[in-house]
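Below: one structure, written as structure tokens.
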Amino acid sequence: MLTVVSPEKLYLSAGTVMRSPATWQEYQALCEQRGDGSIPRLKYRSGEVLLMSPLPKHGRDAHLIAAIITTLLDFQAQEYDAFTPVTMQLPEESGIEPDYCFYIDHWQAISGKERIDWLNDPPPDLVLEIDITSYSDVQDYLPYEVPEVWLFRNQQLLIYQLQGNAYLVESQSRYFRGLNLSEIVTRALTVAYERNTSAAIRELRRSLE
């Protein structure tokens with residue numbers, strides 16, 4: 001697989017993950033070099049930088065599960081804000097780019113803002129990560145104290161909730177009590193891959209009526 005990381009060019013072929021020792025300043029330089037694009041994705045933690053170029057399946061699954069989340073929130077008449085792509089950064093400590101982040105309990109705190117101050121503004125209430133290349137790690141969200149992280153890995157939805165200083169797997173989301181989310185996601189993926197995403201979401205909406 002072709003990988004080029006130089007001052008002149010930044011390129012990873014789809015599905016590639018690269019890990020390298022790096023300073024915060026080197027991570028920032030890579031972010032600037034990438035510019036307004038979202039590929040490759042960049043992560044900084046504990047003196048290392050990780051780069052990943054997602055496969056098409058990554059984007060499709062992320063879009064579908066995010067659409068499931070917004071459909072369920074709309075059904076509950078719950079106000080929210082959602083962002084993608086977004087870069088979360090704590091200087092000298094962490095840089096991460098979730099597939100989607102949702103403000104549900106704290107949407108008013110960031111309403112109308114063009115930039116989020118990760119040191120002072122509240123973190124997203126819910127983050128979605130699709131892990132196909134073993135790039136994602138729920139522990140990356142500990143510095144931000146994100147209350148709930150959904151990790152979709154090996155065709156399985158894992159719901160992590162922050163308990164003290166650790167993330168623990170839970171069977172229910174705090175935002176969708178009483179719903180079997182694993183079943184909902186599995187069914188939607190089946191329909192999406194047999195037909196398309198819009199058919200999967202239409203079926204979900206009918207099931208909620």
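Only this structure's heavy atoms are used, side chains among them; waters, hydrogens and symmetry mates stay out. This one's a predicted model, so the numbers in the text were calculated from it and none came from an experiment.
V127 approaches C101 most closely through the heavy-atom pair CG2-CB, 4.0 Å. P147 and R174 get closest at one heavy-atom pair: O-NH2, 3.4 Å. Shown here for L128 and A66, the closest heavy-atom pair between the two residues is CD2-N, 3.8 Å. For the pair P21 and E26, the tightest heavy-atom approach, listed with the atom from each and the gap, is O-OE1, 4.3 Å. When all heavy atoms of P123 and V146 are compared, the pair lying nearest together is CB-CG2, 4.1 Å.
Formation of a donor-acceptor pair under 3.5 Å by the E203 side chain with backbone atoms of A200 is not found in this model. In this structure a side-chain-to-backbone donor-acceptor pair under 3.5 Å is present from R34 to P40. Looking only at distances, a side-chain donor or acceptor of T70 sits under 3.5 Å from a matching main-chain atom of A67.
Residues R45 and D137 are paired through a salt bridge, judged by an N-O separation under 4.0 Å between the basic side chain and the carboxylate. Taking the charged nitrogens against the carboxylate oxygens, E194 and R187 have no contact shorter than 4.0 Å, which rules out a salt bridge. A salt bridge does not link D81 to K113: none of the charged side-chain nitrogens sits closer than 4.0 Å to a carboxylate oxygen.
Atom CD1 of residue I104 and atom CG of residue L73 lie 5.0 Å apart, to the nearest 0.5 angstrom. Atom-to-atom distance recorded for S111:OG and E79:CD is 9.0 Å, nearest 0.5 angstrom. Atom CD of Q89 sits about 8.0 Å away from atom CD of E97, to the nearest 0.5 Å. Within the model, atoms CZ of R60 and CD1 of I65 stand 12.5 Å from one another, a figure rounded to the nearest 0.5 Å. Atoms CG and CZ, on D131 and F152 in that order, are 10.5 Å from each other to the nearest 0.5 Å. Atom CD of E129 and atom CD1 of I96 lie 5.5 Å apart (nearest 0.5 Å).
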For V49 and K43: C-alpha separation, side-chain torsions, deciding distance, then whether side chain to side chain contact (heavy atoms under 4.5 Å, CB included) applies.
CA-CA 6 Å; V49 65; K43 181 191 297 187; over 6 Å; no
Y175 and Q78: side chain to side chain donor-acceptor pair (under 3.5 Å), yes or no, with the steps?
CA-CA 10 Å; Y175 302 107; Q78 172 69 59; over 6 Å; no
Between H63 and Y100, is a side chain to side chain contact (heavy atoms under 4.5 Å, CB included) present by the stated rule, with each step listed?
CA-CA 9 Å; H63 176 71; Y100 277 84; 3.9 Å; yes
Can V17 and L51 be said to form a side chain to side chain contact (heavy atoms under 4.5 Å, CB included), step by step?
CA-CA 6 Å; V17 177; L51 301 89; over 6 Å; no
Start with the C-alpha gap between I116 and Y103, add the side-chain angles, then the distance that decides, and say whether side chain to side chain contact (heavy atoms under 4.5 Å, CB included) holds.
CA-CA 12 Å; I116 298 174; Y103 280 86; 3.9 Å; yes
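A donor-acceptor contact under 3.5 angstrom links the side chains of Y193 and D61, judged on distance only. In summary, the side chains of Y80 and D125 do not present any donor paired with an acceptor at a separation below 3.5 Å, with no hydrogens or angles considered. Of the N and O atoms on the side chains of E92 and Q25, at least one donor lies less than 3.5 Å from an acceptor on the other residue. No hydrogens or angles considered: nothing links the side chains of Y44 and S94 as a donor-acceptor pair under 3.5 Å.
Using a 4.5 Å cut-off between side-chain heavy atoms of Ile, Leu, Val, Met, Phe, Trp and Tyr, with links allowed through other members, V169 and V185 fall into different hydrophobic clusters. Under the 4.5 Å side-chain heavy-atom criterion for grouping Ile, Leu, Val, Met, Phe, Trp and Tyr, L126 is connected to I68 within one hydrophobic cluster. No chain of hydrophobic side-chain contacts below 4.5 Å, direct or via other Ile, Leu, Val, Met, Phe, Trp or Tyr residues, connects F102 to Y144. In terms of hydrophobic clustering, with Ile, Leu, Val, Met, Phe, Trp and Tyr side chains grouped at heavy-atom distances under 4.5 Å, V138 and V86 are assigned to a common cluster. Linking ILVMFWY side-chain heavy atoms closer than 4.5 Å, directly or via other members, places W118 and L142 in a single hydrophobic cluster.
Counted within 6.0 Å of CZ on R115, heavy atoms from surrounding residues, nucleotides or ligands total 12 or fewer; the atom is thus considered open. For D117, the CG atom sits in a packed shell: over 12 heavy atoms of surrounding residues, nucleotides or ligands are nearer than 6.0 Å.
For the pair T71/L208, a side-chain contact is recorded, criterion being any heavy-atom separation below 4.5 Å from C-beta on. Counting only heavy atoms from C-beta outward, the side chains of P124 and M88 approach each other to under 4.5 Å. Using a 4.5 Å cut-off on side-chain heavy atoms (C-beta onward), H58 and D99 make contact. Within the 4.5 Å cutoff, no side-chain heavy atoms of V149 are placed close to those of L162. Proximity of Y141 to P98: side-chain heavy atoms (C-beta onward) are separated by under 4.5 Å at one or more points. Counting only heavy atoms from C-beta outward, the side chains of I69 and W150 approach each other to under 4.5 Å. The side-chain heavy atoms of M52 and R19, taken from C-beta on, include no pair separated by under 4.5 Å. Residues L151 and S136 have side chains in contact (heavy-atom distance under 4.5 Å, counting atoms from C-beta outward).
Between Y27 and W24, the angle of the ring planes lies from 30° to 60°, which puts this pair in the tilted group.
Applying the side-chain hydrogen bond (donor to acceptor under 3.5 Å, both in side chains) rule to pairs touching residues 159-170 yields E148-Q161, sequence neighbours excluded.
A side chain to side chain contact (heavy atoms under 4.5 Å, CB included) with I201 is found for exactly one of L64, V191, N196, namely L64.
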